[in-house]
Number of protein chains: 2
Amino acid sequence: MPGSANHVFKALADPTRRAIFERLTRGELTVHALTERSGVSQPMVSKHLSALKRARLVRNRRKGRETHYQARPEALAPLVEWMSDYGAFWQNRLDKLGELLERMEK
Amino acid sequence: MPGSANHVFKALADPTRRAIFERLTRGELTVHALTERSGVSQPMVSKHLSALKRARLVRNRRKGRETHYQARPEALAPLVEWMSDYGAFWQNRLDKLGELLERMEK
DNA sequence: ACAAACCATAACCGTATGGTTATGGTTCAT
DNA sequence: ATGAACCATAACCATACGGTTATGGTTTGT
């Protein structure tokens with residue numbers, strides 16, 4: 001099942017992919033726009049977007065010949081959940097986060 | 001610089017490595033003990049522990065011929081910090097977490 | 001209708017990485 | 001003193017993965 005903690009961790013493990021996600025948190029962008037300043041080729045950007053999509057970290061909306069991508073920060077929830085399980089120290093605070101996230105998922 | 005968000009993300013991207021970290025959060029264990037139920041060979045466990053150590057996610061203490069490892073959940077701080085930067089939704093709550101973590105680092 | 005723009009996929013390449021077995025260095029027990 | 005237990009490192013292997021260029025399918029502009 002995609003969108004699991006495993007996929008999310010793997011998706012965010014790569015710096016280039018993380019950078020793409022970071023840019024998308026500041027607003028929707030097309031593949032073309034993302035390719036500029038990404039440091040890699042357009043096909044590579046598409047590949048990275050696929051990985052992010054498997055992890056449900058991004059959504060895409062096709063509009064004519066261009067595909068607009070946007071971040072889904074709620075997809076970070078599995079990470080928060082994992083941390084609340086194994087990052088014992090701040091458990092109480094993270095529990096609240098978990099609730100917040102559930103409400104956000106609608 | 002080790003212990004960065006990059007190292008932490010990379011270290012946690014592998015399921016086996018994550019499982020080792022998870023077991024260590026429940027208490028200190030030797031390499032020998034970790035090898036049992038890990039599903040991989042002892043040398044591999046040592047390698048994974050090295051990766052976790054680079055990310056500062058574990059500490060080790062040598063006692064005679066055995067090496068005792070323990071988790072350092074505070075090392076998850078870079079993840080929290082990153083999420084507070086790019087997981088925009090729960091920013092306020094994570095800020096508090098950040099403070100908490102700084103205090104914990106002593 | 002044609003050419004160009006946009007994106008995804010295919011084919012390919014080199015390296016990083018997870019895994020193994022073999023080995024060697026300490027330390028403990030006898 | 002010797003053998004066994006514990007761990008780390010070396011040597012090696014297969015595969016996963018990040019990267020490229022080439023290609024083809026839609027859509028847009030003229």
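A, B, ... follow the sequence lines: proteins, then strands. Residue 1 opens every chain. Since this is a predicted model, take the numbers as computed values, not measurements.
Within a 6.0 Å radius of CZ in Arg23(B), more than 12 heavy atoms belonging to other residues, nucleotides or ligands are found.
Between Tyr69(B) and the phosphate of dC6(D), there is no side-chain N or O to OP1/OP2 separation shorter than 4.0 Å. The side chain of Thr16(A) contributes an N or O atom lying less than 4.0 Å from OP1 or OP2 of dG19(D). At the phosphate of dA8(C), neither OP1 nor OP2 sits under 4.0 Å from any side-chain N or O atom of Arg62(A).
Listed by residue number, the members of residues 28-35 of chain A with any heavy atom below 4.0 angstrom from DNA chain D form an empty set. The stretch residues 38-50 of chain A touches DNA chain D through Val40(A), Ser41(A), Pro43(A), Met44(A), Lys47(A), His48(A), each having a heavy atom under 4.0 angstrom from the strand.
Atom pair His7(B):NE2 and dA16(C):C1' shows a separation of 14 Å (rounding to whole Å applied). Distance CG (Leu52(A)) to P (dG18(D)): 11 Å, rounded to an integer number of Å. Look at NE2 on His68(A): it is 8 Å from P on dC7(C), rounded to the nearest Å. For Phe9(A) and dA16(D), the CZ to P distance is 22 Å, given to the nearest whole Å. For Asp14(A) and dA16(D), the CG to P distance is 17 Å, given to the nearest whole Å. Nucleotide dA8(D) holds its C1' atom 20 Å from the NZ atom of Lys63(B), rounded to whole Å. Taking atom NZ of Lys10(B) as the reference point, atom P of dA16(D) lies 19 Å away to the nearest angstrom. Rounding to whole angstrom units, CZ of residue Arg54(B) and P of dT17(C) are separated by 8 Å.
Using a 4.5 Å heavy-atom threshold, the side chains of Leu57(A) and Leu24(A) count as separate. At least one side-chain heavy atom of Ser46(A) sits under 4.5 Å from a side-chain heavy atom of Val31(A). For the pair Lys53(B)/Asn60(B), a side-chain contact is recorded, criterion being any heavy-atom separation below 4.5 Å from C-beta on. Looking at heavy atoms from C-beta onward, Leu12(B) lies out of side-chain contact with Arg17(B) at the 4.5 angstrom threshold.
Atom CG of Leu49(A) is separated from atom CD1 of Ile20(A) by 5.5 Å, given to the nearest 0.5 angstrom.
Of the residues near DNA chain D, Arg65(A) and Asn60(B), the one whose nearest nucleotide (by heavy atom distance) lies more toward the 5' end is Asn60(B).
The backbone N or O of Arg72(A) sits nowhere less than 3.5 Å from a side-chain atom of Arg56(A) that would complete a donor-acceptor pair.
Checked for salt-bridge contact, Arg61(A) and Glu28(A) meet the test: a charged N lies under 4.0 Å from a carboxylate O.
Remark: the His32(B) side chain and the Thr35(B) side chain contain no N/O donor-acceptor pair separated by less than 3.5 Å.
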